[in-house]
Amino acid sequence: MSPARHLDIAADDPEEYEGRLVIVGDAEYVIGPCVGQGGERFVHSLVNRRTGLGLHLIKILRHQATAAQKADQLGRNLTRLRDMGLPTVDPAQVVHGHGGVFEVEEAAGDMEPYAEELQRIRTALEAGRWTECEEVASRILAAAPAHVVALHALAIARARQGDHGTSIELEHRAVELEPNVRLYWGQLLESAGALGAVHSARDAFAVLRRKWPHDHRWNELGVQLLLMTGRPDEAAALKAPGSADLARQIRKETRDRDRARRHLEAARRAAEAGRAERAAKELRAAYGRYPKDIDVAFNHGIALLRGGRYTQAHDVLVGIVQFVPPAWRDQCLGTVGFALALDSRDARAATIFELVVAELDRKVTTPAGSAEAVEAMAHPVWDLPVWPVWWRGDSVVGERSDRAAAIVADLVRRLDAQGGAPGPLRRLSRAYRQGLADFLGT
């Protein structure tokens with residue numbers, strides 16, 4: 001038997017669609033039998049190769065020249081009906097690939113051999129019997145660990161009982177196996193939002209907006225997330241139900257953020273001109289106007305640190321660690337650590353620097369000592385935390401000095417005099433002296 005070929009819409013005859021492979025996002029599917037065709041679309045079942053489950057239909061449009069326009073218009077029409085309160089099917093995901101345009105629509109297929117168990121799960125969820133749902137879903141997963149429907153059901157049950165951390169882990173596993181079911185991403189967004197896991201929530205919402213732009217049911221959560229992370233302009237652009245009070249809040253925060261940004265730009269110009277006091281004054285004004293802006297808060301914290309106001313710097317910076325892009329979390333934590341160490345809060349500083357080391361270790365995802373790892377470490381985001389001058393939004397400008405290394409070394413000496421510095425802190429201090437090889441295992 002010849003190996004399966006990938007779908008080529010431009011070259012394949014519709015009679016050849018069955019058995020072809022299709023890649024949608026990070027998942028690969030096998031096209032199943034034709035289940036219907038009309039004037040516009042050839043409709044086939046679609047089976048995920050990793051899970052073996054058929055949770056989708058693929059709809060290949062006959063007239064590819066106008067396929068994208070027609071698919072987009074259908075999505076808009078369905079959304080308009082839903083926004084009017086009328087029941088509709090979910091708008092399909094429109095995919096550009098395999099030589100053309102096609103739609104992927106969620107539709108439950110054959111659930112054997114667990115159809116009876118899944119019906120029990122649905123009934124239990126509707127009735128709020130979370131323990132029963134967990135028990136049945138766990139039995140399915142014991143026999144079929146990649147059964148994403150059971151994973152999703154278990155995630156819902158855990159979330160409804162307040163265990164959002166476990167729910168996030170389960171949904172992460174579900175979307176890794178099956179990234180094209182919106183309810184999985186929606187539950188991940190809800191649980192991450194409830195737990196305050198900002199980056200997981202933001203990533204989930206970004207996927208929902210990208211893959212299903214006409215489905216607005218999670219936009220209200222998205223608005224709350226965007227306001228929490230200081231992005232009122234993006235919140236204003238979302239179509240979401242909400243009260244007049246929420247609309248006023250968005251308008252006010254947008255004005256406040258714009259004013260804060262003007263102060264931030266004035267501070268940047270003053271800093272570049274060497275007018276540190278003027279820069280600090282503008283940053284105080286920016287932070288007072290809109291403290292949720294990450295760029296404003298980070299730079300205000302840096303100015304406080306460099307001005308010797310270590311306690312205030314800590315208080316500002318510790319509030320934004322969870323909102324800083326993950327690639328720069330080690331730098332933000334390091335800046336918090338510098339403030340604590342200079343404020344003689346040694347035990348707390350050591351704990352923060354241990355988190356810095358954990359972040360550096362987390363970044364090493366390629367084999368230790370490999371060319372890929374060495375190349376990755378050459379990128380600025382792999383640097384050790386620097387004594388900061390300015391946060392640009394996507395990078396940190398650091399002072400060309402040994403100030404950061406000296407702060408960590410002094411902290412190690414003080415803790416040694418008190419009974420011994422922790423191993424991760426010693427490792428960080430050694431890296432400042434000898435370079436990053438220790439983190440690569442070279």
Side-chain angles (χ1 to χ4, degrees), residues 24-29 45-58 89-93 104-195 197 199-212 215-219 221-222 225:
V24 182
D26 296 326
E28 191 172 49
Y29 302 86
S45 60
L46 207 56
V47 177
N48 184 304
R49 295 192 79 185
R50 291 184 68 187
T51 68
L53 296 175
L55 302 178
H56 298 87
L57 298 175
I58 182 171
V89 298
D90 290 333
Q93 181 183 170
V104 175
E105 182 177 293
E106 293 151 65
D110 183 9
M111 289 291 105
E112 294 295 346
Y114 301 109
E116 183 178 340
E117 288 88 342
L118 291 171
Q119 182 56 51
R120 282 191 61 193
I121 286 175
R122 282 192 289 271
T123 302
L125 287 174
E126 291 171 0
R129 299 197 299 269
W130 315 125
T131 301
E132 179 183 349
C133 175
E134 285 186 73
E135 291 172 352
V136 179
S138 296
R139 284 202 298 271
I140 295 175
L141 291 168
H147 201 295
V148 290
V149 179
L151 277 169
H152 175 58
L154 188 54
I156 293 174
R158 295 310 310 161
R160 296 301 181 270
Q161 296 174 89
D163 186 1
H164 296 289
T166 300
S167 178
I168 290 171
E169 293 175 7
L170 291 164
E171 288 293 12
H172 269 305
R173 175 63 174 156
V175 298
E176 176 193 0
L177 292 164
E178 177 48 85
N180 295 301
V181 174
R182 75 195 77 195
L183 291 178
Y184 302 171
W185 290 103
Q187 183 58 51
L188 179 55
L189 168 62
E190 292 173 16
S191 289
L195 194 64
H199 291 290
S200 288
R202 189 171 64 188
D203 292 347
F205 186 59
V207 171
L208 287 165
R209 291 185 71 188
R210 184 179 72 252
K211 291 190 174 186
W212 301 280
D215 194 336
H216 301 153
R217 77 185 89 174
W218 288 282
N219 280 12
L221 277 175
L225 176 67

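These numbers come from a predicted model, not from an experiment.
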Sort out for me which residue in W185, Y29, W212 forms a side chain to side chain donor-acceptor pair (under 3.5 Å) with N180.
->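 Going through the options one by one, the only one that passes is Y29.
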For H152, which of H147, E171, R173 qualifies under side chain to side chain donor-acceptor pair (under 3.5 Å)?
-> E171
[X] side, atom [atom1]; [Y] side, atom [atom2] - distance, nearest 0.5 Å:
X	Y	atom1	atom2	result
L118	I140	CG	CD1	4.5 Å
S200	H172	OG	NE2	3.5 Å
E178	T51	CD	OG1	6.0 Å
L208	L221	CG	CG	10.0 Å
R209	F205	CZ	CZ	5.0 Å
L183	R217	CG	CZ	6.0 Å

Which heavy-atom pair separates A137 from A150 by the least distance, and what is that distance?
->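 What the structure gives for the nearest pair is CB-O, 3.7 Å.
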Closest approach of G193 and A201, non-hydrogen atoms and distance?
-> N-CB, 4.0 Å
Donor-acceptor contact below 3.5 Å, side chain N48 vs main chain L177 | yes
Identify whether the distance between the nearest side-chain nitrogen and carboxylate oxygen of R120 and E117 falls below 4.0 Å.
-> no
E116 atom CD: more than 12 heavy-atom contacts under 6.0 Å | no
